[in-house]
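See below for the structure under consideration.
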Number of protein chains: 2
Amino acid sequence: MTDRYHHGDLRRALIDAAVEAVAEAGPSALSLRAVAKRAGVSHAAPAHHFGDKAGLLTAVAAEGFERFADALEAAWGDTGDFYAVGAAYVRFAIDRRPYFAVMFRPELVHTDDPDLERAAARAAAALHRGSGESDPDAGFNAAALGAWSLAHGFAELLIAGNFPPAVRADPEAAFKAVAQATGLGRA
Amino acid sequence: MTDRYHHGDLRRALIDAAVEAVAEAGPSALSLRAVAKRAGVSHAAPAHHFGDKAGLLTAVAAEGFERFADALEAAWGDTGDFYAVGAAYVRFAIDRRPYFAVMFRPELVHTDDPDLERAAARAAAALHRGSGESDPDAGFNAAALGAWSLAHGFAELLIAGNFPPAVRADPEAAFKAVAQATGLGRA
DNA sequence: CACCGGTCTTGACAGTGTCAAGTTGTGTGC
DNA sequence: GCACACAACTTGACACTGTCAAGACCGGTG
């Protein structure tokens, strides 16, 4: 099965290999040839399935958004409040770091990919659930964008290593404290 | 002067060339050889001054943090409130995009570089000015981290193209609306 | 004027993404 | 059951990349 000429599910194997590689050295250090070697195929096999290096990362990002949407939806189900969803946002960035490292990087992926767009839209819907309509005057929902910005910025700064040790020790608890300090979550 | 064998200020010229290149295609697409060509020197000249590709980007990031600190300090001077500083944060991310694209990317730079550390510390000090001491129990200042996360997340999501057109039309005004919606800035 | 140290160049190396062409297997229509 | 068409993958090549060692060049100090 595994040593067939036709791999069976090479696409899946390549995505997994890419996720591992990103987890080890980040997306900018990703090498298609290294991914191919990890999956045990020739150096040009990835290009056949994904067209492009960006194509492979696009597939990773799309899968990431799907898992992200799952995590956010589950967080709504648990307690239903904003803190839980924000904490899930932060937890995803930590636990699924290789996915997160690719998901909000337009220069690394094909932003017009239908699968990616669909998955990203699902995640956005899961995130904004229950945050009401956007203000027709302003053209956007200020509270929802604020919550998103807060969670995203916290996750991004945390991952980049800009937060003190006390935050890194328990990021979810720290996020809740930070969110409360801003006055958010009372809506 | 410019066609001398000893360039005069090649280091400066290389940084400028790198900033231009990053502005055009992002930091991941940066090529040392292209930077060298842009500055009119041989392909190995950058390595002599910066040791490394990461070394060049480190110099760019350090310069970025200096300008960033300037901008934040100026914003405090203007009106002295949080909204102005947050808006300056967002404006910097837009106007000085090539710098911002490198400043919070630990995988692209030498995070232990003394110049970079000094500049980043200055920017952090400028950002947290007037936000009081950190809570000794928690080990961090929740309100300050919240403000930082909000501004940073907003800037990051805006740049990545995740916000609706109404926000992109006037990002600073949108940020103020978003910050107000969270209840922040009343401290 | 000799010399020395820093500045930059030249040349080489292994590794990269991408493309064109070829090879190998798999399923389909007959 | 068999030829054929097509998809999956390989092979080989190309231009380009970052990095290193060695050399050429220049400015200033003795």
Side-chain angles (χ1 to χ4, degrees), chain A residues 1-22 24-61 101-102 105-111 113, chain B residues 1-22 24-61 101-102 105-111 113:
Chain A
M1 179 74 79
T2 61
D3 54 350
R4 289 213 319 265
Y5 184 85
H6 282 47
H7 182 286
D9 201 356
L10 182 53
R11 184 187 158 86
R12 179 67 272 142
L14 287 172
I15 292 180
D16 290 341
V19 169
E20 285 178 33
V22 170
E24 289 170 12
S28 43
L30 182 92
S31 147
L32 280 187
R33 294 171 109 103
V35 168
K37 184 172 291 182
R38 206 188 280 259
V41 291
S42 84
H43 68 263
H48 177 259
H49 279 274
F50 302 100
D52 217 288
K53 184 178 185 177
L56 173 55
L57 290 181
T58 300
V60 172
V102 151
R105 297 268 128 90
E107 77 276 16
L108 295 181
V109 302
H110 292 138
T111 49
D113 180 82
Chain B
M1 178 73 79
T2 60
D3 53 349
R4 288 215 319 267
Y5 183 87
H6 285 46
H7 182 285
D9 201 355
L10 181 54
R11 184 186 157 85
R12 181 68 268 145
L14 287 172
I15 293 180
D16 290 341
V19 170
E20 285 177 33
V22 171
E24 290 169 12
S28 44
L30 183 92
S31 147
L32 280 187
R33 294 172 108 104
V35 167
K37 184 171 292 182
R38 206 188 279 259
V41 291
S42 84
H43 68 263
H48 177 260
H49 279 273
F50 302 99
D52 217 279
K53 183 179 185 175
L56 173 55
L57 289 180
T58 300
V60 172
V102 152
R105 298 268 128 90
E107 78 276 16
L108 295 181
V109 301
H110 293 139
T111 50
D113 180 82

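Residue numbers start from 1 in every chain, and the chains themselves are labelled A, B, ... in the order their sequence lines are given, proteins ahead of strands. Everything quoted here is computed from the prediction, not taken from an experiment.
Taking atom CG of Leu10(B) as the reference point, atom P of dG27(D) lies 15 Å away to the nearest angstrom. At whole-Å resolution of the value, NZ in Lys37(A) and P in dG17(C) are 12 Å apart. The interatomic distance linking Leu14(B) (CG) with dG18(D) (P) rounds to 13 Å, in whole Å.
Arg12(B) pairs by the side-chain hydrogen bond (donor to acceptor under 3.5 Å, both in side chains) definition with Asp16(B), Glu63(B), not counting sequence neighbours. The side chain to side chain contact (heavy atoms under 4.5 Å, CB included) test applied to Thr58(B) returns Val109(B), His110(B), Asp113(B), Leu116(B), not counting sequence neighbours. Remark: Arg38(A) engages Glu20(A), Glu24(A) in a salt bridge (Lys or Arg N to Asp or Glu O under 4.0 Å) (not counting sequence neighbours).
Less than 4.0 Å separates DNA chain C from at least one heavy atom of each of the following residues of residues 27-34 of chain A: Leu30(A), Ser31(A), Leu32(A), Arg33(A). At a non-hydrogen distance threshold of 4.0 Å, Ala45(B), His48(B), His49(B) from residues 45-57 of chain B come into contact with DNA chain C.
The shortest non-hydrogen separation linking Ala59(B) to Ile15(B) is CB-CD1, 3.9 Å. The nearest pair of heavy atoms linking Ala101(B) to Val22(B) is CB-CG1, 4.5 Å. When all heavy atoms of Pro27(B) and Val102(B) are compared, the pair lying nearest together is CB-CG2, 3.9 Å.
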Distance-only criterion, 3.5 Å: show the donor-acceptor pairs between side-chain atoms of residues 42-56 of chain B and protein atoms not counting sequence neighbours.
{"unit_1": "Asp52(B)", "atom_1": "OD1", "unit_2": "Ala54(B)", "atom_2": "N", "d": "3.4"}
{"unit_1": "Lys53(B)", "atom_1": "NZ", "unit_2": "Leu30(B)", "atom_2": "O", "d": "2.8"}

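Between the CG atom in Leu32(A) and the CG atom in Leu57(A) there is a gap of 8.0 Å [rounded to 0.5 Å].
No hydrogens or angles were tested; on distance alone, a donor-acceptor pair under 3.5 Å links the side chain of His43(B) to the base of dG11(C).
Among dT9(C), dC20(D), dC19(C), the nucleotide with an atom closest to any side-chain atom of Ser42(B) is dT9(C).
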